J.: 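Below you'll find the structure I mean.
Note that the structure is a prediction, hence the values are computed from the model and not measured. Scope of the values below: all heavy atoms of this structure, side chains included, with no hydrogens, waters or symmetry mates. Proteins come first, then strands; the chains are lettered A, B, ... in the order of their sequence lines, and each starts at number 1.
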Amino acid sequence: MNENMKKNKSITSRDVDFAKWYTDIVKNAKLASYSNVKGFTVFEPNGYALWENIQSVTDKKFKELGHQNVMMPLLIPESLLLKESEHIEGFAPEVAWVTTGGNKQLEEKLCIRPTSEVLFCDYYKDVVKSYRDLPKLYNQWCSVVRWEKETRPFLRTREFLWQEGHTVHETKEEAMKETDQMLEVYRQVFEDYLAMPVISGKKTESEKFAGAEYTLSIESMMYNGVSLQSATSHYFGQKFTKPFDVKFVNRNNEFEYAYQTSWGISTRSIGGMIMCHSDDNGLVIPPRIAPRKVVIIPIGKSSKVSAIANDLKEKLNKSNIETFIDDSDKSIGFKFAEHEMNGIPFRIELGERDLLNNTIIIARRDNYTKKAVSLDIDIVKYIINEIDVMHNDMFNVAKKRMEEKTYICHNLDEMKEVMENHPGFIKAMWCGNEACEKTIKDIRGTKSRCILENEEKVDTKCVCCGHDAKDLVIWGIQY
RNA sequence: CGGGAAAUAGCACAAUUUGGUAGUGCACUAGCUUUGGGAGCUAGGGGUUGCAGGUUCAAAUCCUGUUUUCCCGACCA
């Protein structure tokens, strides 16, 4: 009998096989399961609750900044999609089509939205008439479909949940400001709620969104040093509004095409959160985003113990700290392991032995520390404070790792050495030539993540061709 | 899209080589005893072996196709 059978739940170590570890976590923590159609997954309650929390903190920020939610159609007529050529070229290979309705062949095939720029533009053309109608700050929460070849739960699925904000503005400056502002919102969501440090910057021409003037992104680093594009914010200028005829009468009584942005964050962020924080005992959820924050485990059958447990639970729940009691007949060890697998941030252990000392034990999921805490303290205040402490600790662990795995390179050999032996972010200068990006891609698929605009340059020559360098770029192996 | 591996109960696997009534552990249900790091005993329930064909008296097992998953590579937001 091996260790696995005895333990029943087993996950591969993240240091041994990171990819398998990841899918083990998703499966064992009951976040998602596979369906019969490739790339389409079931979000189980534990996984969906995470998305709901990410959604609620993000949505609140959008609304504070004046955005409104709408719903656009699921289907896009082919002719509409074809209006912007760069856009369709970028998305055509991964679009799914509806060709029949009932048992009738459709006259025009309809694509299942891979993103909704064209739908928003088609709508905006009818409702934007004057500069007085601007800006339009709309967003929608929905799922989109992209026919990916290789799929992995949360990280790359053919259908995924996301949010896509689409705004149109009177001026270029205002639209560009919106693009920056929304990237900053995403940075806050990742750093302040998901405890994931990020870097941000502009995408290179070859990496930008199909049809955009430019794309900004935030990039985060996983436990194994691989990078993940975590959210994007695009500035379109008039590239869509011209072909879609979204024009308005400006303050000089002239027609002008509106300036447009779009920005999105998806359920991929859940995958990033897992790969950034979780460990060999299961999921570790940043406490501010955890759907269930505290589990109370009464030990023994004492009625006094269960009364105190109930009291604690009620106090915490009243203060919106989601708490539940596990008084099932499972053994203590089983419960500990189970809730660790599910990533519950705090565990309160409570038995007769503790009552003798008038204490309870509070254990942290992220670093396994256990503390005896007096029953006389204000438990709500204590947990609220601990949530912040844990959040900061998790953020700092991730940040330290990101800093340790960020390398400065001056030539291809140095890049190879890093990516082949201990991948991470590479800071290196780039001449701006796509050919060099292609050459660098031969190193385990290393791609430019983003251009760092406000940082000191690390060299004067391109890391690849040795010609004069233009930009400081962060490079990484991507998920 | 190329190369490789796999699919048997909720999970992990056995039985496949050599065709012959589909099994084990955990999980699940009931009862009793337990409880400070994955409990014990007793009694139960759960399978058209991914799907579709074919060969055969007989298919989890052999053959063909297909779908899904995982790994490696190419492609791609």
J.: Is A:Phe91 touching bases, backbone alone, or none of the nucleic acid, heavy atoms closer than 4.0 Å?
T.: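 Since only primed, P, OP1 and OP2 atoms lie under 4.0 Å of A:Phe91, the category is sugar-phosphate.
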
J.: Determine, for A:Glu420 against A:Lys416, whether the closest basic-nitrogen to carboxylate-oxygen distance falls under 4.0 angstrom.
T.: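 Salt bridge flag = no for A:Lys416 with A:Glu420.
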
J.: For the pair A:Ser278 (side chain) and A:Val284 (backbone), establish whether a donor and an acceptor sit closer than 3.5 Å, ignoring hydrogens and angles.
T.: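 A pair under 3.5 Å: yes.
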
J.: Under 4.0 Å between any heavy atoms, over every strand shown, what does A:Ile361 touch: base, sugar-phosphate, or nothing? Just pick one.
T.: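 A:Ile361: base contact, heavy atoms under 4.0 Å.
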
J.: Compute both the distance and the angle, then confirm whether A:Lys330 meets the cation-pi test with A:Phe334: under 6.0 Å from the six-membered ring centre, within 45 degrees of the axis.
T.: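 Geometry flag: set, cation within 6.0 Å and 45°.
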
J.: Expressed in whole Å, how much space separates the C1' atoms belonging to B:rG46 and B:rA5?
T.: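 Nearest-Å result for B:rG46 against B:rA5 at atom C1': 30 Å.
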
J.: Between A:Phe324 and A:Arg292, is there a cation-pi geometry (under 6.0 Å to ring centre, at most 45° from the normal)?
T.: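 That pair qualifies as a cation-pi contact.
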
J.: Give none if B:rC75 has no partner; otherwise give the nucleotide forming a Watson-Crick or G-U wobble pair with it, both distances under 3.5 Å.
T.: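 Base partner found: none.
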
J.: Distance check needed: B:rC11 P versus A:Asp24 CG, whole Å only.
T.: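 Taking CG of A:Asp24 and P of B:rC11, I get 13 Å after rounding.
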
J.: Could you tell me how far B:rG20 sits from B:rU61 if I compare only their P atoms? Round to whole Å.
T.: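 These two P atoms come out 10 Å apart once rounded.
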
J.: Does NZ or CZ of A:Lys202 lie under 6.0 Å from the centre of the six-membered ring of A:Tyr214, at an angle within 45° of the ring axis?
T.: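 So A:Lys202 does make the cation-pi contact.
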
J.: I need a per-nucleotide contact map over nucleotides 67-76 of chain B, read 5' to 3'. Cutoff is protein heavy atoms under 4.0 Å; write B for the base, S for backbone only, - otherwise.
T.: SSSSS--BSB

J.: In whole Å, I'd like the distance from the NZ atom of A:Lys335 to the P atom of B:rA39.
T.: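 Value for this atom pair: 11 Å.
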
J.: Take atom P in B:rA30 and the same atom in B:rC70, then report the distance between them in whole Å.
T.: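 Result for the P pair: 35 Å, nearest Å.
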
J.: Taking for each residue the nucleotide of RNA chain B bearing the nearest heavy atom, is the 5' side occupied by A:Tyr479 or by A:Lys27?
T.: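 Per heavy-atom nearest nucleotide, the more 5' residue is A:Lys27.
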
J.: Pairing donors with acceptors under 3.5 angstrom, does anything connect the side chains of A:His67 and A:Glu178?
T.: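 Yes, A:Glu178 and A:His67 have a side-chain donor paired with an acceptor closer than 3.5 Å.
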
J.: Quick one: the side chain of A:Glu340 and the base of B:rG37, do they pair up donor-acceptor inside 3.5 Å?
T.: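 Per atom types, the contact qualifies.
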
J.: Using the ring of each side chain (for Trp, its six-membered ring), is A:Tyr223 parallel, tilted or perpendicular to A:Trp21, with breaks at 30° and 60°?
T.: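 If you compare the ring of A:Tyr223 with that of A:Trp21, the planes turn out tilted.
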
J.: Provide, to the nearest angstrom, the distance between the CH2 atom belonging to A:Trp147 and the P atom belonging to B:rC1.
T.: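 Taking CH2 of A:Trp147 and P of B:rC1, I get 12 Å after rounding.
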
J.: Using atom C1' in both nucleotides, what's the gap between B:rC13 and B:rC51 to the nearest angstrom?
T.: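 Looking at atom C1' only, B:rC13 and B:rC51 are 22 Å apart.
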
J.: Determine the interatomic distance between C1' on B:rU29 and the same-named atom on B:rG10; round to the nearest Å.
T.: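 Here B:rU29 and B:rG10 have their C1' atoms 14 Å from each other.
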
J.: Checking A:Arg146 against A:Trp162: charged group under 6.0 Å from the ring centre and within 45 degrees of the axis?
T.: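 The answer is yes, since A:Arg146 meets both limits relative to A:Trp162.
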
J.: Using the P atom as the reference point in each nucleotide, state the distance between B:rG50 and B:rA9 in Å, no decimals.
T.: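 Approximately 8 Å lies between the P atom of B:rG50 and that of B:rA9.
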
J.: Grab the CD1-P distance between A:Ile332 and B:rA39 for me, whole Å please.
T.: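 Rounding to the nearest Å, CD1 of A:Ile332 and P of B:rA39 are 10 Å apart.
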
J.: Parallel under 30°, tilted from 30 to 60°, perpendicular over 60°: which one fits the rings of A:Phe209 and A:His87?
T.: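 Geometry flag for A:His87 against A:Phe209: tilted rings.
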
J.: Return the pairing partner of B:rC28 with a 3.5 Å limit on both distances, Watson-Crick or G-U wobble; otherwise return none.
T.: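 Per the H-bond distance test, B:rG44.
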
J.: Quickly work out the A:Glu349 CD to B:rU35 P distance and round it to whole Å.
T.: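 After rounding, the reported distance stands at 16 Å.
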
J.: Judged by each residue's nearest nucleotide on RNA chain B, which is more toward the 5′ side, A:Ser331 or A:Ala210?
T.: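 Residue closer to the 5' terminus by nearest nucleotide: A:Ser331.
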
J.: Can you measure A:Glu338 atom CD to B:rA27 atom P for me and round it to whole angstrom units?
T.: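 So the two atoms are 11 Å apart, to the nearest Å.
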
J.: Does the protein touch nucleotides 29-34 of chain B at the base, only the backbone, or not at all? Give it as B, S and - per nucleotide, heavy atoms under 4.0 Å.
T.: -----B

J.: What is the distance, to the nearest angstrom, from the CZ atom on A:Phe334 to the P atom on B:rG40?
T.: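 Interatomic distance, CZ of A:Phe334 to P of B:rG40: 12 Å.
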
J.: Hey, does the Lys NZ or Arg CZ of A:Arg268 hover above the aromatic six-ring of A:Phe154, less than 6.0 Å from the centre and inside 45° of the axis?
T.: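 That pair does not qualify as a cation-pi contact.
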
J.: Rounded to the nearest Å, what distance is computed from the CG atom of residue A:Asp326 to the C1' atom of nucleotide B:rG38?
T.: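 Nearest whole value for this atom pair: 13 Å.
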
J.: Check this one for me: any side-chain N or O of A:Lys330 less than 4.0 Å away from OP1 or OP2 of B:rC28?
T.: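 Answer is yes, contact under 4.0 Å.
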
